[in-house]
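So that the names make sense, note that chain A is the first sequence line, chain B the second, and so on, each numbered from 1. This is a predicted model, so every value here is computed, not measured.
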Amino acid sequence: MMQRSYDTKEDVLATFPNQYFREQLLQWYEAHQRHLPWRESKDPYRIWVSEIMLQQTRVDTVKPYYQQFMEKFPTPEALAEAHEDQVMKAWEGLGYYSRARNLQSAVREVVNTYGGEVPQDPEEFASLKGVGPYTKGAVMSIAYDLEEPAVDGNVMRVLARVLLLTDDIGKQRTRKHMENCVRILISGTPPSDFNQGLIELGALICTPKNPSCDICPVQEVCRAYDQQMVEQLPVKAKKQSQKQQTMAVAVIESEDGAVLIEQRPKQGLLAGMWQFPMVEAPPALRQQSLQQYLKETYQVDVTLEDTEQSLEHVFSHLIWKVRVFHAIVPSSMNRGNWMQKTEAEKLAFPVVHQKIWRQQLR
DNA sequence: CACCCGTGGTT
DNA sequence: TAACCAAGGGT
């Protein structure tokens, strides 16, 4: 791996057949692009919503959420006026829930400050909550055809291979470098097609595993292919192992059909979402800790039944081992954080609590 | 920069 | 099966 490192964009692209690459990419994209819901219009708002949903999320996962979301909130005004609970419910199950809060916050700013028009200035658009370097470039190029780089994981993988860039793509600096490359490559092309072509190539041909180099439109100019380095790229440092937490959850029902639920803090993991009362505790202490928590926090003094049901939930950076406890109490306790099940179902729960709900309450 | 922030499909 | 990781952004 004694590849020389390039400090400037000129170095990497100096001997690169730029024109050939662009023509091949654009021709391939025109012929092979997928038909996707968010490619049916140039509405900046619709493009924007799709780009937020697609962050770290697969196309097939996003599709149904996107359709449903656009029906509920077809315009910036509709999303701006919606209640936060509605937006969170529409996002339930998609993950990374701060995306939804930031999107609504940003859309409200667009309505209030920009008259409901998504700014055409990249810097103005990037100043909105939840809009980072990638989303800025994606929306500005796709909706407004501005020559802005949109460097995501796909693009970094493609460029790492085509240009034989061996820097760690986990580093901020590497993405910056690739943005500089794209600024050169995109110049004079239709920006929307060029950026989407790069992304599409990464999604369909230049995949992480088993890339289809045989049918790749830019195989002839791919430096990694030439050097038989495709499988080794891109370089990405391994992340640390996830921490484990043992949790105890209480499903408390009243005899008149209510459940005890609580809302998570507005910041941090699963911010603002609803859940059954839950504590973190060592396995030997979890029942006692949970009973104490219920008594102190909700004035519910009960002996919990251990359902002996355990489930594991894996997050991006930690693992929950969840033990479920259960109790039924008289209806007289129905107040405060108690809610009828039919009402509680309208709130947004994290997936692990949805599972508990289905298994315990049906 | 390093760490936090979800979920589900693939290998 | 466990690791990888997908159209990233905030702090």
S.K.: Report yes if at least one side-chain N or O of A:His317 is closer than 4.0 Å to OP1 or OP2 of B:dG6; otherwise report no.
M.R.: no
S.K.: Output the rounded distance in Å from NZ (A:Lys129) to C1' (C:dG8).
M.R.: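 Between C1' of C:dG8 and NZ of A:Lys129: 18 Å.
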S.K.: A:Glu117 versus A:Val110: any side-chain heavy-atom pair under 4.5 Å?
M.R.: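 In short, these two side chains do not touch, never coming nearer than 4.5 Å.
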S.K.: I need the CZ-P distance between A:Arg99 and C:dA6, as an integer number of Å.
M.R.: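 To the nearest whole Å, that distance equals 15 Å.
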S.K.: Are A:Glu253 and A:Lys341 within salt-bridge range, i.e. N to O under 4.0 Å?
M.R.: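 Yes, A:Glu253 and A:Lys341 are salt-bridged.
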S.K.: Would you indicate what A:Trp38 reaches in the nucleic acid, counting non-hydrogen atoms under 4.0 angstrom: base, sugar-phosphate, or nothing?
M.R.: base
S.K.: Would you call A:Glu147 and A:Arg183 a salt bridge, taking side-chain N to carboxylate O under 4.0 Å as the test?
M.R.: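 No, this pair does not count.
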S.K.: When we call it a touch if two heavy atoms are under 4.0 Å apart, what does A:Arg175 touch: a base, just sugar-phosphate, or nothing?
M.R.: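 Nothing: the residue A:Arg175, judged by heavy atoms under 4.0 Å, touches no strand.
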S.K.: Answer yes if the ring centres of A:Phe125 and A:Trp48 are under 6.0 angstrom apart, and no otherwise.
M.R.: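 Yes; A:Trp48 has its ring centre under 6.0 Å from that of A:Phe125.
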S.K.: For nucleotides B:dC5 and C:dA7, find the distance between their P atoms and express it as a whole number of Å.
M.R.: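 Straight-line distance between the two P atoms is 23 Å.
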S.K.: Grab the CD-C1' distance between A:Glu179 and C:dG9 for me, whole Å please.
M.R.: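 After rounding, the reported distance stands at 13 Å.
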S.K.: Can you tell me the distance, in whole Å, between the CD1 atom of A:Ile52 and the P atom of C:dA7?
M.R.: 15 Å
S.K.: Compute the ring centroids of A:Tyr298 and A:Trp338, then answer whether they are less than 6.0 Å apart.
M.R.: no
S.K.: So, does A:Ser105 use its side chain to make a donor-acceptor pair with the main chain of A:Arg101 at under 3.5 Å?
M.R.: no
S.K.: For A:Lys355 and for A:Gly268, locate the closest nucleotide of DNA chain B by heavy-atom distance; then report the residue assigned to the nucleotide nearer the 5' terminus.
M.R.: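 Here A:Gly268 is the residue nearer the 5' end.
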S.K.: Name the closest nucleotide to the A:Leu270 side chain, picking from C:dG9, B:dG6, B:dC5.
M.R.: B:dG6
S.K.: Measure the distance from CD on A:Gln267 to P on B:dC5 and round it to the nearest whole Å.
M.R.: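 The answer, rounded to whole Å, is 10 Å.
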S.K.: Mind checking if A:Ser50 touches a base, just sugar-phosphate, or nothing, with heavy atoms under 4.0 Å?
M.R.: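 No contact.
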S.K.: Starting at the 5' end of DNA chain C and moving along, which residue's nearest nucleotide shows up first, A:Pro208 or A:Val131?
M.R.: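 Upstream on the strand: A:Pro208.
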S.K.: Between atom OH in A:Tyr65 and atom C1' in B:dG9, what is the gap in whole Å?
M.R.: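 After rounding, the reported distance stands at 14 Å.
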S.K.: With sugar-phosphate meaning primed atoms plus P, OP1 and OP2, does A:Arg157 contact a base, only sugar-phosphate, or nothing at under 4.0 Å between heavy atoms?
M.R.: sugar-phosphate
S.K.: How long is the line joining CD of A:Gln354 and C1' of B:dG6, in whole Å?
M.R.: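 After rounding, the gap between these two atoms is 12 Å.
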S.K.: Look at the side chain of A:Lys243 and decide which nucleotide, out of B:dC4, B:dT7, C:dG8, has an atom nearest to it.
M.R.: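 Given the options B:dC4, B:dT7, C:dG8, the side chain of A:Lys243 is closest to B:dC4.
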S.K.: Taking atom C1' of C:dA3 as reference, at what distance in whole Å does atom CZ of A:Phe315 sit?
M.R.: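 Going from A:Phe315 (CZ) to C:dA3 (C1'), I get 18 Å.
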S.K.: Side chain of A:Asn154, heavy atoms from C-beta onward: which of C:dG9, B:dG6, C:dA7 has the nearest atom to it?
M.R.: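 Within the option list, the nearest is C:dA7.
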S.K.: Starting at the 5' end of DNA chain C and moving along, which residue's nearest nucleotide shows up first, A:Asn102 or A:Val59?
M.R.: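 Closest to the 5' end, via its nearest nucleotide, is A:Val59.
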S.K.: When you check the phosphate oxygens OP1 and OP2 of C:dC4, does a side-chain N or O of A:Lys236 lie under 4.0 Å from one of them?
M.R.: no
S.K.: On DNA chain B, compare the nucleotides closest to A:Lys209 and A:Tyr96; which residue's is nearer the 5' end?
M.R.: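 Nearest nucleotide further toward 5': that of A:Tyr96.
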S.K.: Looking at the base of B:dG6, is there any donor atom on it, or on the side chain of A:Thr57, that sits under 3.5 Å from an acceptor on the other one?
M.R.: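 Under the 3.5 Å cut-off, the side chain and the base do form a donor-acceptor pair.
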S.K.: Of the options A:Arg286, A:Gln287, A:Arg323, which is the one that meets A:Asp306 in a side-chain hydrogen bond (donor to acceptor under 3.5 Å, both in side chains)?
M.R.: A:Arg323
S.K.: What nucleotide among C:dA7, B:dC1, B:dC5 has an atom nearest to a side-chain atom of A:Leu269?
M.R.: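 The listed nucleotide nearest to A:Leu269's side chain is B:dC5.
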S.K.: Check whether any side-chain nitrogen or oxygen of A:Gln56 sits under 4.0 Å from OP1 or OP2 of C:dG8, and answer yes or no.
M.R.: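 The answer is yes; a side-chain N or O of A:Gln56 sits under 4.0 Å from OP1 or OP2.
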S.K.: Roughly how far apart, to the nearest Å, are B:dG6 and C:dT11 at atom P?
M.R.: 14 Å
S.K.: Select base, sugar-phosphate, or nothing to describe what A:Gln172 touches, counting heavy atoms under 4.0 Å on all strands.
M.R.: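 Sugar-phosphate, no base atom in range.
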S.K.: Any base atoms under 4.0 Å from A:Leu36, or only sugar-phosphate, or nothing? Heavy atoms, all strands.
M.R.: base
